[in-house]
There are 2 protein chains.
Amino acid sequence: MSSEVTEMRKSRVAKSETHKRIIDIAARRFRERGLEGVSIAKLMEDAGLTIGGFYRHFDSKEALIVETVDRAFHDVDVWKTSCKDISEFIAIYLSANHRDHPGKGCAMGTLAVDISRMNGPPQTFFTRKIQGNLAYFEQCLLDESADERKATATTLLSCLVGAIAISRAVAADSELSDKILTDSKHGIAALLKRKVDALDRQVSATTTK
Amino acid sequence: MSSEVTEMRKSRVAKSETHKRIIDIAARRFRERGLEGVSIAKLMEDAGLTIGGFYRHFDSKEALIVETVDRAFHDVDVWKTSCKDISEFIAIYLSANHRDHPGKGCAMGTLAVDISRMNGPPQTFFTRKIQGNLAYFEQCLLDESADERKATATTLLSCLVGAIAISRAVAADSELSDKILTDSKHGIAALLKRKVDALDRQVSATTTK
DNA sequence: ATTATCTATAGATCTATAGATAATGC
DNA sequence: ATTATCTATAGATCTATAGATAATGC
């Protein structure tokens with residue numbers, strides 16, 4: 001602390017990198033500990049900074065939350081583009097790895113309830129991202145009317161978000177926690193049978209023991 | 001405040017009623033505002049008491065949380081016994097009324113994520129209640145193997161919990177919020193088709209416009 | 001001259017405890 | 001005598017601001 005050389009003002013470019021770093025860390029910590037479980041002082045410390053600089057980057061904690069929403073959805077956005085089909089996406093989403101690393105996972109599973117307790121901008125931005133995820137699922141679905149696709153997409157989203165949340169809540173009972181993930185995968189496979197732009201073989205492969 | 005007559009010591013019976021009242025209010029407030037969003041001082045004020053008395057009832061806030069878990073699941077427990085079949089349960093669970101009154105609704109939808117961030121006793125007790133809900137769903141399911149029943153029960157639970165959480169997160173967009181509830185009902189009806197101890201007519205009635 | 005970050009702190013809140021008060025219960 | 005609840009407060013936070021410092025950028 002006192003033995004460190006105090007680094008002072010950096011360039012504008014460096015500032016925007018700092019800004020990005022704060023958001024990166026916020027997106028992780030918020031998902032891990034909740035919006036109220038992360039203090040600005042600790043957040044800045046995690047970023048290698050002190051609390052004083054925070055308010056030159058953000059007007060308030062709420063403003064940080066708003067700016068962090070996009071970043072918190074980024075990991076799932078990457079899965080959406082990197083997965084070759086919806087089955088692969090579901091397998092990643094309902095994996096033990098996702099369950100055990102909420103800070104790098106789906107923001108809906110970790111932050112939806114916190115966000116529902118806030119009004120105004122945070123909820124608006126969060127809603128937009130949820131709509132994006134619903135659109136992705138719809139686009140993966142095939143042999144139904146538009147209404148049917150929407151309904152199935154919504155059901156799929158609900159099931160994924162619920163499953164990851166419940167599996168984490170029972171994490172102390174690791175067998176049950178695993179079972180919730182695999183059983184939900186199984187159930188989703190049944191729900192999506194012949195409704196999905198994916199190899200049926202694959203859906204079964206991830207859900208049949 | 002200062003004009004009120006200060007009421008002092010009450011009987012043991014009165015104390016146990018006070019104890020119950022604190023838990024009643026905690027169960028509501030925790031579901032509404034989250035475990036961290038409720039301070040003990042405000043909680044006691046809601047109960048018509050002051051903070052000083054709290055620690056004669058509970059060793060700590062965590063101890064209150066543990067004791068409150070059962071009460072927070074009570075409303076859903078009532079639905080389980082009062083609903084004549086699973087379809088009715090699902091209709092109540094995915095109603096706008098449930099969405100708009102989290103303090104009187106499902107503890108999994110409101111507290112599972114908060115609980116997953118705590119270790120120890122709160123999580124253990126919460127897990128037990130989740131198992132009870134899974135058992136209820138299993139018992140409602142019919143034409144499958146025990147494994148299939150378990151998988152469908154888990155999927156149903158995941159879907160319900162996810163749908164209510166997401167519908168609340170997008171509450172600012174009331175159309176979308178409603179749609180998430182009705183679409184999930186629709187999707188669940190498809191999932192449960194011929195798997196459920198319920199009138200198919202009824203499942204359809206709540207999900208077809 | 002401007003500004004990105006720092007140290008320090010005000011003011012609000014939160015959990016938990018100490019000790020007073022007044023009613024219960026022996 | 002015991003105890004259910006009260007008032008008051010210690011000590012630890014948390015958000016946000018004030019003013020200092022030292023580097024950037026004109």
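Predicted, not measured: the structure shown is a model, and the values here were computed from it. Numbered from 1 within each chain, the chains take letters A, B, ... in sequence-line order.
- The backbone N or O of B/Arg168 sits nowhere less than 3.5 Å from a side-chain atom of B/Arg99 that would complete a donor-acceptor pair.
- For B/Tyr55 and C/dT17, the shortest distance from a side-chain N or O to OP1 or OP2 is not below 4.0 Å.
- For A/Arg12, taking side-chain heavy atoms from C-beta onward, the closest of the listed nucleotides C/dG25, D/dT5, D/dG25 is D/dG25.
- The environment of B/Lys129 atom NZ is dense: over 12 non-hydrogen atoms of other residues, nucleotides or ligands sit within 6.0 angstrom.
- Along DNA chain D, the nucleotide nearest to A/Gly52 and the one nearest to A/Val13 differ in position, and the one closer to the 5' end is contacted by A/Gly52.
- Listed nucleotides: D/dT5, D/dC6, C/dT24. Nearest to the side chain of B/Ser11: C/dT24.
- Across the protein-nucleic acid pair, B/Lys61 atom NZ and D/dT13 atom C1' stand 13 Å apart, rounded to whole Å.
- The separation between A/Phe58 atom CZ and C/dT5 atom C1' is 14 Å, rounded to whole Å.
- With respect to A/Arg28 and A/Asp46, no salt bridge is recorded, no charged nitrogen being found less than 4.0 Å from a carboxylate O.
- A/Met44 places its CE atom 13 Å from the C1' atom of D/dA16, with the value rounded to the nearest Å.
- Taking the charged nitrogens against the carboxylate oxygens, B/Arg29 and B/Glu32 do have a contact shorter than 4.0 Å, which makes a salt bridge.
- Of all the heavy atoms in A/Val170 and B/Gln123, the pair that sits closest is C-OE1, 4.4 Å.
- Salt-bridge check for A/Asp77 with A/Lys80: passed, with a basic side-chain N closer than 4.0 Å to an acidic carboxylate O.
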Base-pair string, DNA chain C, Watson-Crick plus G-U, cut-off 3.5 Å on both distances, | for inter-strand, is ||||||||||||||||||||||||..

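- Distances from the side chain of A/Arg56 to the nucleotides D/dA16, C/dA4, D/dC6 place C/dA4 closest.
- Between the CG atom of A/Leu49 and the P atom of C/dT7 there is a distance of 11 Å, given to the nearest Å.
- Across the protein-nucleic acid pair, B/Leu64 atom CG and C/dC14 atom C1' stand 14 Å apart, rounded to whole Å.
- With A/Asp183 as the partner, the side-chain hydrogen bond (donor to acceptor under 3.5 Å, both in side chains) test is satisfied by one option alone out of A/Lys179, A/His186, A/Lys185: A/Lys179.
- For the residue pair B/His19 and B/Glu67, a side-chain donor N or O sits within less than 3.5 Å of a side-chain acceptor on the partner.
- Spacing between atom CZ of A/Phe54 and atom C1' of D/dC14 amounts to 12 Å, rounded to whole angstrom units.
- Heavy-atom contacts from other residues, nucleotides or ligands closer than 6.0 Å to NZ of B/Lys61 number more than 12.
- Across the protein-nucleic acid pair, B/Ile51 atom CD1 and D/dT9 atom C1' stand 11 Å apart, rounded to whole Å.
- Non-hydrogen atoms lying under 4.0 Å from DNA chain C are contributed by B/Val38, B/Ser39, B/Ile40, B/Lys42, all within residues 18-42 of chain B.
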